[in-house]
Number of protein chains: 2
Amino acid sequence: MDEVDSAIVHHLQLDGRLSNRALAEKLGIAPSTCLERTRLLHRRGIIQGYRAQVSLRALNRPVQAMVATQIRPLRREVVAAFEKSVTQLPEVVSVYTMAGSDDFLVHVTAQDIDHLHAFLLDHFTERREIISFRTSIIYQHLTNPVLGPLPPTADQRT
Amino acid sequence: MDEVDSAIVHHLQLDGRLSNRALAEKLGIAPSTCLERTRLLHRRGIIQGYRAQVSLRALNRPVQAMVATQIRPLRREVVAAFEKSVTQLPEVVSVYTMAGSDDFLVHVTAQDIDHLHAFLLDHFTERREIISFRTSIIYQHLTNPVLGPLPPTADQRT
DNA sequence: GTGATCCGCCGAATTTAATTCGGCGCGTTC
DNA sequence: GAACGCGCCGAATTAAATTCGGCGGATCAC
């Protein structure tokens, strides 16, 4: 993980479809070298994959909410089962498993408020292990375009 | 936005580097057609871009936290300035602007607990407009691999 | 009902990119 | 100081992206 690898990662975070040639040129290395480097980054699990970013509005899912959830008992199987099943619901964007008074934050999307309500009634009110949940509407979700050229100290190494 | 477009979006969400040919084959259409469709999805803003997904661990950022933040006054300029500056910090993954008692949830990453603490002291304790913040460690962050083949009702239309 | 028009899809041709692979240079080892 | 290993390079090959002319099928006017 030298600075060339960091640069590859960084550029691909900004544009996941950057061509290998263009990337090589930006870095001043040969395309074949760049390709091999990038392959290794995949193999090592540093680059985990690529995703298209899609407008939730265009997908007819303009309403977003965060659902702070508590479950009991907090046993390993119960936690894992909750995470797994919830992550797979199409309305769920992501699940944060947390320390603190809330066990999870579940980021959900819906067509409108009615569908959000219906979703919660169907999938949260129903579940036995959920002992409480609080829903907060998300007005806006901004994402860091870069995820950092790594903070100055955190660089170097393997 | 017919079912072919939906399928394109869906496949590219799963694998943002799927080749145009492979995609066309999956859908049973000609590559040239597929290319034109995909271009239109970009032009219409439905596909907003592509990103490599990178292991935070590999980037030496294994610690994650959610910072529930309140600012005052809740004036448009103050809110916008907070969102903008915070989003650009390299430790910040994303910012949720919320309804409810917390104004924002800020998802941050750090090398370790010490760096997290330093980050908060430097960027949260300092700021005048921040009247309170609560930090919760994130044990795990799971993401829906698909973001849904759209819930049955939410489909069709432009 | 019929003809003109428009739109999207197709496939061949061309341009561009990905991938492979043999060889070279440098740093390390013994 | 010679042998080895590793990573980089660039030419050659394979595959993909892109362009573009033409072919329906649907729509609309008359």
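Quick note on labels: first sequence line is chain A, next is B, and so on, each numbered from 1.
Residues forming a side chain to side chain contact (heavy atoms under 4.5 Å, CB included) with A:A81 (at least two apart in sequence, or on another chain): none. Applying the salt bridge (Lys or Arg N to Asp or Glu O under 4.0 Å) test to B:R57 and every residue at least two apart in sequence or in another chain returns nothing. In this structure, B:A118 has no side chain to side chain contact (heavy atoms under 4.5 Å, CB included) partners at least two apart in sequence or on a different chain. Here A:A30 pairs with A:S32, A:T33 under the side chain to side chain contact (heavy atoms under 4.5 Å, CB included) rule; sequence neighbours left out. For B:H123, the ring pair (Phe, Tyr, Trp, His ring centres under 6.0 Å) partners are B:F119, not counting sequence neighbours. Scanning for ring pair (Phe, Tyr, Trp, His ring centres under 6.0 Å) contacts around A:H11 gives an empty result, with sequence neighbours left out.
One donor-acceptor pair, N or O on each side, does fall under 3.5 Å between the base of D:dA17 and the side chain of B:R21.
Applying the salt bridge (Lys or Arg N to Asp or Glu O under 4.0 Å) test to every pair with at least one member in residues 77-89 of chain B, sequence neighbours left out, gives these pairs: B:R75-B:E77. A ring-ring contact (aromatic ring centres under 6.0 Å, His included) check over residues 47-88 of chain B, counting only residues at least two apart or in different chains, returns the pairs B:H42-B:Y50, B:F82-B:F104. For residues 98-124 of chain B, every residue pair satisfying the salt bridge (Lys or Arg N to Asp or Glu O under 4.0 Å) rule, not counting sequence neighbours, is listed here: B:R72-B:D103, B:D102-B:R134.
Nearest-nucleotide mapping onto DNA chain D: of A:R17 and A:S32, the residue sitting toward the 5' end is A:S32.
Of all nucleotides in DNA chain C having an atom under 4.0 Å from a heavy atom of chain B, the first and last in 5' to 3' order are C:dC9 to C:dG11.
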Expected rows: protein N/O vs nucleotides 4-8 of chain D N/O, under 3.5 Å:
| from | atom 1 | to | atom 2 | distance (Å) |
| --- | --- | --- | --- | --- |
| D:dC8 | OP1 | A:R37 | NE | 3.2 |
| D:dC8 | OP1 | A:R37 | NH2 | 2.5 |

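Taking the six-membered ring wherever Trp is involved, the centroid distance between the rings of B:Y96 and A:H107 falls below 6.0 Å.
When the C1' atoms of four end pairs are superposed on the next four at each end of the helix from C:dG1-D:dC30 to C:dC30-D:dG1, using five pairs per end, the two resulting axes differ in direction by 30°, to 10°.
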